[in-house]
Amino acid sequence: MPHKILLLPGDGIGPEVMAEAKRLLAWLADRRGIAFETEEALIGGAAYEAEGVALSDASIARAKAADAVILAAVGGPQWDNLPFHLRPEAGLLAARKELELFANLRPAIVFEALIESSSLKPDVVRGLDIMIVRELTGGVYFGEPRGITDIGNGQRRGVNTQVYTTSEIHRVARVAFDLARVRQNRVCSVEKANVMESGRLWREEVAALHAKEYADVALSNMLADNCAMQLLRNPRQFDVIVTDNLFGDMLSDEASMLTGSLGMLPSASLGATDANGKRAALYEPIHGSAPDIAGRGIANPLAMILSVAMMLRYSFGHGEEADAIETAVQSVLNSGIRTGDIASPGHTPVGTKAMGEAVIAELDRLNA
Ligand code: NAD
């Protein structure tokens, strides 16, 4: 059975980097015999212009029917003044909500060839390989009550509610423990158990699940403020970090900057596994639509290419091909081929297509 994939190119550099994902899928079909059935749909500003909404019901239905979704990027200044529910980002939020993607996986890996791009010293980040698992559909961004109320005397009150249940904590912790088992077998669970009840519950429930099902994995706990500090002081102490929506939002951005290069970082968002063993999943680079360089064919496609590798590993069990893609990216960087965003002084950068072709050439060499 072919793997059914929905491609959402989106806006700005989205279609440019998606073209390199398609090149890679064609190579995998042709040279590794992995069959894909791909469809394309609009999302973001492109969808708003053509369909009046950032993600149509028809596109949501196609995303649900697919085995995996690959999204490039959404957004652009021309849509900045639209009401919130019509903005390009609303398409992204709708996809997450409709597919119930509760676990966001963000690897932060430092490639040796790019070690100078990090704002930290090479000795601190050399060999860094962290996976942050962020809870994505609960917590303070969704909790009720919420809102701004007038409380008289010229005063207003803003409220958001941090709330988690046992099952919400267990399902995301399970993803983290399962990942740790195929990595370095260590999970650090991060919250503020010292000042927040929801944090105390998080810590207790992660510990309970650990004792019951994952005693073979090393579990530690850390307060979120300490984690923010430790990520800068000694980031290599971490293997898998699991945390809530709010802390995960910040800590994953912080960790991504340790690597110094936005155009290099992939991500995966996973939902629950259904009765047929199918798990909803969306793969996307962490960068946005980069309107400042859109249409010029110079965007770095590696974050997108590495997102395809994550899809092969987490949705389709093709770990060997995922490893090959990551090795190919590493070799291309080692050989000095760079797009503008990661180019070192004195080197002529290549464009999006040439970078995609360089990865394919390296895959051909590895596959020979
Ligand atoms: P951005 O990630 O689009 O760009 C930040 C900077 O990084 C820019 O200078 C850009 O040129 C550069 N950059 C990003 N990706 C690159 C790549 N692959 N190759 C080379 N350079 C790259 O973030 P921004 O400028 O804050 O936002 C631009 C638009 O993207 C906004 O509308 C924003 O809402 C949207 N956005 C979307 C997503 C998403 O689709 N998931 C994420 C972040 C921002």
Side-chain angles (χ1 to χ4, degrees), residues 7-21 23-24 41-49 54-55 59 63 69-97 99 101 104-106 111 114 117 119 134 136 248-250 252-254 256-257 259-269 281-308 310 329 332-333 337-344 347 349-356 358-359:
L7 306 177
L8 299 171
D11 308 317
I13 62 168
E16 299 167 46
V17 295
M18 185 61 88
E20 301 314 310
R23 188 191 306 281
L24 180 56
L42 299 172
I43 190 169
Y48 171 74
E49 298 298 341
L55 187 64
S59 300
V69 178
I70 305 180
L71 168 77
V74 298
Q78 62 272 52
W79 302 295
D80 275 354
N81 295 323
L82 286 174
F84 187 71
H85 70 285
L86 292 175
R87 284 176 58 107
E89 293 78 5
L92 197 57
L93 295 179
R96 286 177 184 165
K97 181 166 169 280
L99 296 174
L101 303 171
N104 181 227
L105 278 52
R106 296 230 328 218
F111 291 92
L114 299 180
S117 319
S119 49
R134 165 187 170 195
L136 201 58
D249 193 357
M250 294 169 198
S252 62
D253 267 17
E254 185 189 355
S256 67
M257 278 302 102
T259 72
S261 39
L262 210 50
M264 294 293 307
L265 294 167
S267 76
S269 300
L282 182 147
Y283 299 88
E284 58 179 322
I286 71 157
H287 61 69
S289 58
D292 52 335
I293 58 165
R296 291 166 55 194
I298 60 170
N300 184 350
L302 292 179
M304 174 50 93
I305 285 171
L306 292 168
S307 299
V308 173
M310 288 188 88
V329 166
V332 165
L333 294 173
I337 298 173
R338 302 275 203 283
T339 44
D341 56 317
I342 50 173
S344 33
H347 282 76
V350 301
T352 311
K353 182 162 176 266
M355 181 56 103
V359 173

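Reckoned from all heavy atoms, side chains included, excluding hydrogens, waters and symmetry mates. Numbering of residues begins at 1 and proceeds along the displayed sequence. As the structure lists them, so they are numbered: ligands from 1, and atoms in each ligand from 1.
- The minimum heavy-atom distance between Ile13 and Ala294, with the atom names listed, is CG2-CA, 3.7 Å.
- When Leu306, Thr352, Leu24, Val359 are each tested for a side-chain contact (heavy atoms from CB on, under 4.5 Å) with Pro301, only one passes: Thr352.
- For the salt bridge (charged side-chain N to carboxylate O under 4.0 Å, His left out) condition, the pairs that include at least one residue of residues 11-20, sequence neighbours left out, are Glu20-Arg23.
- With sequence neighbours excluded, the residues forming a side chain to side chain contact (heavy atoms under 4.5 Å, CB included) with Leu265 are Ser256, Thr259, Ile286, listed by chain and number.
- If you look at ligand 1, the protein residues with a non-hydrogen atom under 4.0 Å away are Ile13, Ala73, Val74, Gly75, Gly76, Glu89, Leu92, Leu262, Gly263, Glu284, Ile286, His287, Gly288, Ser289, Ala290, Pro291, Asp292, Ile293, Ala299, Asn300, Asp341.
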Please set out all donor-acceptor pairs under 3.5 angstrom arising from side-chain atoms of residues 71-87, sequence neighbours excluded.
residue: Trp79; atom: NE1; partner: Glu49; partner atom: OE2; Å: 2.6
residue: Arg87; atom: NE; partner: Glu89; partner atom: OE1; Å: 3.4
residue: Arg87; atom: NH1; partner: Asp80; partner atom: O; Å: 2.7

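- Taking a 6.0 Å sphere around OH of Tyr48, one finds it holds 12 or fewer heavy atoms contributed by other residues, nucleotides or ligands.
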